[in-house]
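Everything below concerns the one structure shown next.
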Amino acid sequence: MAIERYNAPEREKHWQQAWDGAQIFRAREMKGPKCYVLEMFPYPSGRIHMGHVRNYTMGDVFARYKRARGFNVLHPMGWDAFGMPAENAAMERKSHPAQWTYANIDTMKGQLKSMGLAIDWDREIATCSPDYYKHQQKLFLDLLNKGLAYRKSSKVNWDPVDHTVLANEQVIDGRGWRSGALVEQRELTQWFFKITAYSEELLEALGTLDKWPEKVRLMQANWIGRSEGLSVRWALDAATAPQGIDELEVYTTRPDTLFGASFLAVAADHPLAKAAAEKNADLAAFCEECRRMGTSVADLETAEKKGFDTGIRAIHPLDPAWKLPVYVANFVLMEYGTGAIFACPSGDQRDLDFAQLYDLPVVPVILPPGEDAATFIVKDKAYDGDGTMINSRYLDGLDTKAAFEEVAKRLEKAKLGSKPVGERKVNFRLRDWGISRQRYWGCPIPVIHCASCGVVPVKAADLPVRLPDDASFDKPGNPLERHPTWKNVDCPACGKPARRETDTMDTFVDSSWYYARFTAPHATAPIDREAAAYWLPVDQYIGGIEHAILHLLYSRFFFRAVSDAGHSSKNLREPFAALFTQGMVTHETYKSAEGAWLLPTDVRFEGEGAGRSAVEIATGKPAVIGSIEKMSKSKKNLVDPDEIIGHYGADCARWFMLSDSPPERDVIWTDEGISAAGRFVQRIWRVVNEAAEKVPAAGLASSGEAGPEGQALRRAAHKALDGVGRNIEGLRFNVAVAQLYELTNTLSAVLSKSEDNFGWSIREATELLVKMFAPMMPHLAEECWTRLGYNTLLAKEPWPEADPGLLVDDSVTVAVQVNGKRRDEMTISRTASKDEVEAAALRLESVVRALEGRQVKKIIVVPQRIVNVVG
RNA sequence: GCGGACGUGGUGGAACCGGUAGACACACGAGACUUAAAAUCUCGAGACGGCAACGUCGUGCGGGUUCGAGUCCCGCCGUCCGCACCA
C-alpha cells in the first residue's frame with residue numbers, strides 16, 4: 001500500500017491548535033520540582049532569522065524534554081524591544097519607533113508560533129511597554145536610594161555635525177557613520193550603576209557557576225581584572241611642575257621593576273596633562289589628537305604608540321637624585337588605575353616600543369630563568385615573566401616576588417608629605433556601568449533636575465515616566481531633549497519649575513532583569529518575591545556567545561543589586577544556574593560579476609565539487625561563490641525561516657538545526673542539509689506507517705518473550721533511549737540526532753524482513769522512537785502517535801524509562817593489540833575473567849603472527865575494551 | 001595590542017576517565033525498481049600498495065610522557081571571536 005507523503009505545513013497547524021486548546025505549555029502552579037528554561041529574548045528587528053530558529057529550537061527541545069520528565073517547566077518569551085534600530089528606522093521612514101517595533105513584534109510572534117514552540121505565551125513581555133518599564137524605573141529609584149546609581153562626568157563619542165552621541169559601532173575610521181564628520185571626545189555628565197561595588201563578589205562567585213562554560217567564566221574574570229599592586233606617589237621636580245601640583249600617583253602591579261623605570265606617562269585627560277597643556281599649545285594639540293582616537297580599547301592598543309614630553313620631571317621614590325621625564329602617552333587610559341603609569345621598557349612591550357621611539361633608556365631588571373646576567377639584553381622583545389633581579393641595587397639576586405615585597409615594605413614606610421609613598425592596593429579593571437543614552441527609544445530615567453533641590457527622584461506614585469508619543473524623529477540628536485514641553489515639570493520637592501532628565505537607560509538594563517519579571521509578569525511589584533523564590537535561578541539559559549561578558553555580567557550585578565534593595569531574597573545571588581552558548585548559523589556568500597552581494601535565491605549552480613560554479617539567474621552572468629560567513633543582511637547570505645517552514649515544515653527546520661554540528665559551534669546552512677532532513681521526516685513517516693500495519697493494537701501488555709530478533713531490537717531501542725536522554729540532558733543534540741538515525745536504520749531493517757512474529761517488540765521500539773524525537777519534531781511525533789492508535793496528545797505523555805537489563809550485552813567485542821598496534825578483535829563473554837581474556841587473545845592466529853616468536857612480557861587487559869599483548 | 005577558542009576523510013562531525021579513530025549524516029560511485037525522471041531500496045568507500053588475504057601510513061606541524069595519545073605535557077603554524085554606546 002502506498003503511503004501518502006506527510007504534509008508537514010498542514011499537519012503542523014493542526015497540532016499547534018491542539019496544543020493551544022489544551023493549554024499544556026502553561027507553567028503550572030508553583031509546586032513540586034521546577035525547571036526554568038530560557039533562551040535570550042530577541043530584539044524585534046523585523047523578521048526572525050535562522051539564528052533564532054536554532055536558539056529557540058534548542059531551548060524548546062530541552063523544555064519539552066524536562067516537561068516529559070515531570071518537571072513544572074517555565075518557558076516564556078518576550079521582546080528586547082528598546083534600542084537604536086527602531087529610532088533609525090523612524091528617522092528613515094518618518095514613522096514612530098513604537099509603530100515599527102510593535103509591527104515587528106507582531107510578525108515575529110507569528111513566525112515563532114509557526115515553529116511550534118512550547119512557550120507559555122501568557123507571560124509575554126515587551127520591554128518598551130510602560131507596563132514593563134515602570135517597574136524598571138522603580139528599580140532604578142531603589143538603586144539610587146541605595147547609592148548604587150549616581151552621576152559623574154564621562155567621555156562620549158560626539159558627532160559635531162549631527163549634534164549627537166555615537167555608539168562605538170557608529171564611529172568608522174574616526175568619523176561619524178552618518179555625517180562623516182571627525183568624531184570628538186566630549187565630557188558629559190551621565191548616570192552610572194555602581195557595579196564596581198560588587199567587583200570582588202562577581203569575581204568570587206564565578207567559582208560557583210559550575211554549569212557555565214569555562215570560557216565565559218574566564219572572559220568575565222579577565223573583564224573584572226583583579227590585580228594586586230602598589231599605588232606609588234612620585235614627587236615632582238618643583239622647577240618643572242605646573243603650579244599647585246607637586247606629586248603624581250601611579251598604580252603598578254610590578255613595583256619590583258622600579259629600578260628599570262625610564263619614564264612616566266599620563267593619559268591625555270589626566271589633570272597633570274591638562275595643567276601642563278595650558279601653557280603649551282603643542283601639548284594641548286597632542287592631547288586633542290589623543291581624544292579623537294576613539295574610546296575603544298582595541299583602537300587604542302593597536303594604534304601606534306605616541307607620546308609628548310611634558311617637560312615635567314619626577315623624582316624616583318627609591319632614589320631622590322634620579323629624575324625621570326613625564327610624558328603624555330596615547331596608550332595610557334584615564335579609566336584604569338590612576339591614569340598614570342611608570343614605564344619599565346625591559347618588562348613591558350608597550351613601554352619598550354615607546355622607549356625605542358623616543359630614545360629612552362632600556363635597562364633589564366629581570367633575568368629570565370636560564371639566562372646569563374652577563375649576556376642578557378632586551379632588544380625588541382620585553383620580558384614580562386618572573387625571574388631574578390639584576391641592575392636593581394639592593395634587590396639584586398632576589399626573585400620577582402621577594403623584590404615586590406621588599407619595594408612594597410620600603411615605600412610603605414617612606415613618607416611624602418605626611419602620607420606614605422606607597423600603598424598596597426587591589427585594583428579592578430572593571431569600570432562602573434554607564435547607563436545614560438542620549439536617545440528617545442529607551443526607558444526614561446525617572447529623575448528631575450531642580451535648580452534649588454538638585455537631582456530629585458520622581459515619586460513612585462507618579463511612575464511610569466512615559467515617553468511622549470509626539471516626539472519628532474526628523475533630525476539627529478535626542479528627541480526628548482528638543483521636545484517642546486515634555487521635559488518641563490515642576491520640582492516634586494519645592495514645586496518650582498524644573499527639568500526632566502532626558503537621558504534614557506541603556507537597553508542592557510532592560511535585559512538585566514527580564515528573566516525575573518517572567519516569573520510573575522503581571523505582579524504589581526517589579527519582582528514578585530514568592531515567584532522569584534520558586535522559579536529562580538533560571539535552570540538553563542541559552543544564547544549567543546556574544547553576550548558572554550556584558551549582558552551576563554550586568555545581569556549578575558543587577559540581580560544582586562535589586563535583591564539587596566529588597567526585591568528578592570538576599571540569598572539568591574546568581575540569576576542563571578546553567579548557561580549554554582550556541583554557535584552561529586553561517587552560509588555561503590555570493591557576488592555578482594559587478595561585485596554586488598546576491599541572495600542565495602538569486603543564483604543557481606552548475607557542476608559540483610571543485611568544478612561547482614554559480615550563475616546569477618537574473619542576468620545569466622557567472623556569479624562568484626564567496627566564503628562561508630555568519631548570515632547577515634549586509635552580505636545577503638540569508639535563508640528565510642518562513643520559506644523553509646512553509647516548504648519543509650517547522651519540524652524539518654528544527655531537525656536540521658539540531659543535526660550534525662555541535663550546538664556550541666557554528667552550523668553551515670546548506671540546501672543539501674535541509675533536504676536531507678526533509679527526507680528523514682518522510683522516512684520516519686513511512687517507517688511508522690509500516691510498523692503500524694504490523695503491530696498489535698495500542699495499549700496491550702507485552703506478549704512476553706520476544707525471540708532473538710525481537711530482543712535485539714529491544715536492546716537497540718533501550719540503548720538509544722538511554723543515550724538520547726542523556727544527550728538531550730547534556731545539550732549534545734547532534735549526538736542524540738545520530739542515535740535516532742541509528743535506531744531508525746535498525747527499525748527499518750527489521751521491518752523489511754519481519755515475519756510478523758515479534759510485533760510487540762516493533763511496537764515498543766516504534767513508540768520509543770516517536771517519544772524520543774518528540775521534543776525535536778513535536779508535530780510529526782503527534783501525527784505518528786495518532787497513527788499508532790492513540791487519541792491522546794503525545795505532548796502530555798511522560799518520558800519513557802530505559803530497562804537497565806537491556807542496556808548491557810552478554811558478549812562484548814574487544815580489540816586486541818600487540819605492542820600497542822591493533823591486530824585483531826574478538827568477541828567474548830562480558831563477564832570473562834582476566835585470565836580467560838588473556839588466554840583467548842594469545843590463541844589468536846593474528847597475535848601469534850604479530851609476535852613473530854617473541855616472548856610475551858606482559859598483557860594489559862582493560863575489561864570490555866582492549867587487550868594489549870606486549871612482547 | 002590584550003584576552004579567548006578552535007584545527008579529525010571529499011564535507012559536517014562522533015569517539016565516556018588515556019583504550020578498536022572516522023559512529024551518524026551530506027556529497028560521491030555501483031546496482032535494483034521505472035518507458036524515463038524524481039522518490040525509494042541495496043551495496044561500496046580515510047590514503048597508499050595488493051586480485052585477495054593483508055600490510056604500511058593516518059586526527060594542523062615538531063618533540064615528549066605511556067604497554068597504548070585525537071585525548072595529557074612542551075614548542076610552533078593556521079583560522080575564528082571579544083575588547084565596555086550594536087543587540
Side-chain angles (χ1 to χ4, degrees), chain A residues 5 40-43 45 80 82-85 156-157 165-171 190 213-216 218-219 221-223 225 295-303 305 331 335 349-350 353 429-439 506-508 510-511 544-551 553-554 584 608-610 630 659-662 664-668 670 672-673 675-677 679-680 682-683 686 726 732 734-735 737-742 744-745 748 752 813-825 846 849 857-862 864-871:
Chain A
R5 278 179 68 79
M40 292 178 184
F41 66 164
Y43 179 77
S45 55
D80 190 10
F82 272 139
M84 226 164 35
V156 294
N157 299 312
V165 176
L166 299 176
N168 278 344
E169 66 154 16
Q170 295 173 319
V171 181
Q190 308 208 74
E214 182 59 38
K215 160 164 85 163
V216 174
L218 201 65
M219 280 164 93
N222 288 331
W223 191 257
T295 48
S296 99
V297 177
D299 289 347
L300 288 181
E301 301 205 3
T302 42
K305 309 286 170 284
F331 64 89
E335 288 78 12
Q349 195 59 44
R350 289 175 309 186
D353 295 346
R429 207 182 72 104
L430 184 67
R431 309 200 298 251
D432 275 338
W433 173 13
I435 60 152
S436 277
R437 298 291 181 269
Q438 291 68 37
R439 306 188 206 292
D506 180 5
T507 55
F508 275 122
D510 312 344
S511 56
I545 185 69
E546 65 272 23
H547 293 293
I549 299 175
L550 295 186
H551 161 58
L553 191 61
Y554 289 156
M584 299 178 302
E608 57 207 20
K630 176 183 179 175
S659 309
D660 289 353
S661 285
E664 69 278 11
R665 249 190 263 177
D666 291 353
V667 64
I668 305 172
T670 59
E672 291 77 19
S675 62
R679 283 201 300 272
F680 184 66
Q682 296 301 336
R683 179 157 176 239
R686 280 195 309 274
R726 273 186 291 151
R732 292 177 296 270
N734 57 321
V735 188
V737 162
Q739 287 169 322
L740 289 170
Y741 269 113
E742 217 167 347
T744 308
N745 291 344
S748 100
S752 68
T813 304
V814 298
V816 183
Q817 296 181 336
V818 176
N819 291 336
K821 263 191 185 176
R822 183 181 168 281
R823 293 292 168 180
D824 210 339
E825 61 180 34
S846 50
R849 197 183 336 134
K857 290 191 197 132
K858 82 174 156 177
I859 304 180
I860 291 145
V861 175
V862 181
Q864 293 160 52
R865 282 200 181 272
I866 205 165
V867 186
N868 190 5
V869 181
V870 185

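Chain identifiers are assigned alphabetically (A, B, ...) following the order of the sequence lines, protein sequences preceding nucleic acid strands; residue numbering begins at 1 within each chain. Everything quoted here is computed from the prediction, not taken from an experiment.
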At 4.0 Å (heavy atoms only), tell me whether Glu825(A) reaches a base, stays on the sugar-phosphate, or touches nothing. base
Answer with base, sugar-phosphate or nothing: what part of the nucleic acid does Arg439(A) contact at a heavy-atom distance below 4.0 Å? base
Pairing partner of U40(B), by Watson-Crick or G-U wobble and under 3.5 Å for both distances, is A32(B)
Could you check whether Phe680(A) gets within reach of a base, just the sugar-phosphate, or nothing at all, counting any heavy atom under 4.0 Å? nothing
Residues Phe331(A), Asp353(A); criterion side chain to side chain contact (heavy atoms under 4.5 Å, CB included); working and verdict: CA-CA 11 Å; Phe331(A) 64 89; Asp353(A) 295 346; over 6 Å; no
If you only use heavy atoms from C-beta on, which nucleotide in U20(B), C67(B), G4(B) is closest to the side chain of Ile860(A)? C67(B)
Atom-to-atom span, NZ of Lys215(A) to P of C81(B) - whole angstrom: 12 Å
Complement of A25(B), any strand, by Watson-Crick or G-U distances under 3.5 angstrom: U11(B)
Distance check, C1' atoms only: G29(B) and G46(B), in whole angstrom units. 16 Å
When rounded to whole Å, the CG to C1' distance for the pair Leu740(A) and C24(B) reads 11 Å
Ranking Val814(A) and Ala738(A) by the position along RNA chain B of their nearest nucleotide, the one closer to 5' is Val814(A)
About how many Å separate CD of Glu664(A) and CG of Asn734(A), when rounded to the nearest 0.5 Å? 7.5 Å
Chi class for G60(B): syn within 90° of 0, otherwise anti: anti
Mate of U66(B) across any strand shown (Watson-Crick or G-U wobble, both atom pairs under 3.5 Å) is none
Within the 4.0 Å heavy-atom criterion, would you say Gln864(A) contacts the bases, only the backbone, or no part of the nucleic acid? nothing
Pair Tyr43(A), Thr507(A) - check side chain to side chain contact (heavy atoms under 4.5 Å, CB included), show working. CA-CA 10 Å; Tyr43(A) 179 77; Thr507(A) 55; over 6 Å; no
Can you check the distance between G63(B) and U71(B), where both ends of the measurement are the P atom (answer in whole Å)? 15 Å
To the nearest angstrom, how far is Lys630(A) atom NZ from C81(B) atom C1'? 11 Å
Base, sugar-phosphate, or nothing for Trp223(A), non-hydrogen atoms under 4.0 angstrom? base
How is Ser511(A) classified with respect to the nucleic acid when contacts are heavy atoms under 4.0 Å: base, sugar-phosphate, or nothing? nothing
Taking CG from Asn868(A) and C1' from G19(B), how many angstroms apart are they, rounded to a whole number? 9 Å
In whole Å, what separates the C1' atom of C72(B) from that of U59(B)? 16 Å
Kindly point out which of G12(B), U20(B), A23(B) is positioned nearest to the side chain of Ile866(A)? U20(B)
For the base of C6(B), is there a side-chain donor-acceptor partner from Glu664(A) under 3.5 Å away? no
Specify the separation, in whole Å, of atom CZ of Arg822(A) and atom C1' of G55(B). 14 Å
Using a heavy-atom cut-off of under 4.0 Å over every strand shown, decide if Gly83(A) touches base, sugar-phosphate, or nothing. sugar-phosphate
Find the distance His551(A):NE2 to G82(B):C1' and express it as a whole number of Å. 16 Å
Under a 3.5 Å cut-off for both distances, is G58(B) Watson-Crick or wobble paired, and to whom? none
Counting side-chain heavy atoms from C-beta on, which of C24(B), C85(B), G19(B) comes nearest to Asn745(A)? C24(B)
With a cut-off of less than 4.0 Å, is there a side-chain N or O of Arg429(A) near OP1 or OP2 of A84(B)? no
Phosphate OP1/OP2 of C81(B): any Arg665(A) side-chain N/O under 4.0 Å: no
Please work out if Ser45(A) contacts a base, only the sugar-phosphate, or nothing of the nucleic acid, heavy-atom cut-off 4.0 Å. nothing
Is the shortest side-chain heavy-atom distance between Trp223(A) and Leu550(A) below 4.5 Å? yes
Looking at side-chain heavy atoms only, is the closest gap between Arg823(A) and Val816(A) below 4.5 Å? no
With a non-hydrogen cut-off below 4.0 angstrom, is Arg849(A) in contact with a base, only sugar-phosphate, or nothing? sugar-phosphate
Over 60° means perpendicular and under 30° means parallel, so tell me whether His551(A) and Phe508(A) are parallel, tilted or perpendicular. parallel
Please tell me if Ser659(A) has a side-chain N or O lying less than 4.0 Å from either OP1 or OP2 of A25(B). no
pair Asn819(A)-Val870(A): side-chain heavy atoms closer than 4.5 Å: yes
Name the nucleic acid region contacted by Asn734(A), choosing base, sugar-phosphate or nothing; use a 4.0 angstrom heavy-atom cut-off, strictly under. sugar-phosphate
For His547(A) and Ser511(A): C-alpha separation, side-chain torsions, deciding distance, then whether side chain to side chain contact (heavy atoms under 4.5 Å, CB included) applies. CA-CA 11 Å; His547(A) 293 293; Ser511(A) 56; over 6 Å; no
So what does Gln438(A) hit on the nucleic acid, given a heavy-atom distance under 4.0 Å: a base, only sugar-phosphate, or nothing? base
For nucleotides 15-17 of chain B, which of its nitrogen or oxygen atoms have a protein nitrogen or oxygen under 3.5 Å away, and what is each distance?
{"from": "C16(B)", "atom 1": "N3", "to": "Arg865(A)", "atom 2": "NH2", "distance (Å)": "3.4"}
{"from": "C16(B)", "atom 1": "N4", "to": "Arg865(A)", "atom 2": "NH2", "distance (Å)": "3.1"}

Please give the distance between the C1' atoms of G49(B) and A69(B) as a whole number of Å. 27 Å
Taking the C1' atom in each of G19(B) and C24(B), what is the distance between them to the nearest angstrom? 22 Å
Please determine, for the side chain of Arg679(A), which listed nucleotide (A25(B), C85(B), A27(B)) has the closest atom? A27(B)
Pick base, sugar-phosphate or nothing for Leu218(A), based on heavy-atom distances below 4.0 Å to the nucleic acid. sugar-phosphate
Look for any protein N or O under 3.5 Å of an N or O in nucleotides 77-80 of chain B and output each such pair with its distance, or none.
none

Using Watson-Crick or G-U wobble geometry with both distances below 3.5 Å, tell me the partner of A52(B), or none. none
Phosphate OP1/OP2 of C85(B): any Arg437(A) side-chain N/O under 4.0 Å: yes
Ignoring hydrogens and angles, does a donor from either the side chain of Asn222(A) or the base of G3(B) sit under 3.5 Å from an acceptor on the other? no
Per nearest nucleotide of RNA chain B, the residue lying toward the 5' end, Glu672(A) or Asp660(A), is Asp660(A)
Rounded C1' spacing from G1(B) to A14(B) in Å: 38 Å
Looking at every strand, decide which applies to Lys821(A) at a 4.0 Å heavy-atom threshold: base, sugar-phosphate, or nothing. sugar-phosphate
So which nucleotide from G12(B), C86(B), A39(B) ends up closest to the side chain of Met84(A)? C86(B)
Nearest-angstrom distance, P atom, C77(B) to G62(B): 15 Å
Mind checking Pro662(A) for me? I need base, sugar-phosphate or nothing, with any heavy atom below 4.0 Å counting as a touch. sugar-phosphate
For Arg686(A) and C41(B), is the shortest distance between a side-chain N/O and OP1 or OP2 below 4.0 Å? yes
Need the glycosidic conformation of C17(B): syn if within 90° of 0, anti if not. Which one? syn
Whole-Å C1' distance, C57(B) and G70(B): 16 Å
